[in-house]
**Q** 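Here's a structure for you.
What you are looking at is a predicted structure, and each value in this text was computed from that prediction instead of being measured.
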Amino acid sequence: MSELISDCRELLRAERYDEALKLLSGLTASQLEEKALRGRALSGLGRFAEAEDVFSEALADDARCHEALAGLGLLAWLSGHH
């Protein structure tokens with residue numbers, strides 16, 4: 001699982017959001033870190049409403065998930081809700 005997470009992070013760093021999302025879609029169990037990565041991939045593809053939902057799910061699992069908090073903050077900034 002950690003190799004998959006590392007591969008996904010590399011794809012996101014390379015801005016290969018579609019590939020990262022495809023990699024994550026092959027998983028059956030959705031854990032906190034995977035949700036945050038899925039949100040990043042969705043937001044990179046401009047699917048902001050879906051990304052917001054996934055980030056919110058991650059925060060429901062753990063209110064201290066910094067990646068989900070950062071993702072929601074970025075979405076708020078992009079939408080003009082500073």
**Q** Please check if the number of heavy atoms outside Arg64 that lie under 6.0 Å from its CZ is greater than 12.
**A** no

**Q** Atom CG of Asp18 and atom CG of Leu23: how far apart are they, to the nearest 0.5 Å?
**A**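 Here the rounded value is 12.0 Å.
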
**Q** I need the minimum non-hydrogen distance between Gly39 and Ala51, along with the two atoms involved.
**A** O-CB, 3.4 Å

**Q** Cys65 and Ala36: which non-hydrogen atoms are nearest, and at how many Å?
**A** SG-CB, 4.3 Å

**Q** Hey, what do you get for CG (Asp61) to OG (Ser56), rounding to the nearest 0.5 Å?
**A**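 If we round to the nearest 0.5 Å, Asp61:CG and Ser56:OG are 11.0 Å apart.
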
**Q** Between atom CG of Leu32 and atom CG of Leu59, what is the distance when rounded to the nearest 0.5 Å?
**A**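 It is 8.5 Å, given to the nearest 0.5 Å.
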
**Q** Could you tell me which residues satisfy side chain to side chain donor-acceptor pair (under 3.5 Å) with Glu52, sequence neighbours excluded, listed by chain and number?
**A** none

**Q** What residues, two or more places apart in sequence or in another chain, satisfy side chain to side chain donor-acceptor pair (under 3.5 Å) together with Arg9?
**A**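 Glu33, Glu67.
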
**Q** State whether Glu19 and Lys22 are salt-bridged, where the test is any N-O pair (Lys NZ or Arg NE/NH1/NH2 against Asp/Glu carboxylate O) under 4.0 Å.
**A**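 No, no charged N to carboxylate O under 4.0 Å.
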
**Q** Supply the atom-to-atom distance Leu12 CG to Asp7 CG, rounded to the nearest 0.5 angstrom.
**A**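 These two atoms lie 11.0 Å from each other.
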
**Q** Before giving the answer on side chain to side chain contact (heavy atoms under 4.5 Å, CB included), spell out for Glu50 and Val54 the whole-Å C-alpha distance, their side-chain angles and the decisive distance to 0.1 Å.
**A** CA-CA 6 Å; Glu50 291 174 80; Val54 174; 5.5 Å; no

**Q** Rounded to the nearest 0.5 Å, what separation is found between the SG atom of Cys8 and the CZ atom of Arg40?
**A**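 With rounding to 0.5 Å, SG (Cys8) is 8.0 Å from CZ (Arg40).
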
**Q** Are Gln31 and Ile5 packed together at the side-chain level, in the sense that at least one heavy-atom pair is separated by less than 4.5 angstrom?
**A** no

**Q** What pair of heavy atoms forms the shortest contact from Ser79 to Ala76, and how long is it?
**A** OG-O, 3.0 Å

**Q** Please report the closest heavy-atom contact between Ala63 and Leu69, naming both atoms and the distance.
**A** O-CD1, 3.9 Å

**Q** Calculate, to the nearest 0.5 Å, the distance between atoms CG and CZ belonging to Leu75 and Phe48 respectively.
**A** 6.5 Å

**Q** Would you find a donor on one side and an acceptor on the other, under 3.5 Å apart, between the side chain of Arg38 and the backbone of Leu24?
**A**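 Pair found, side chain donor or acceptor close to backbone of Leu24.
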
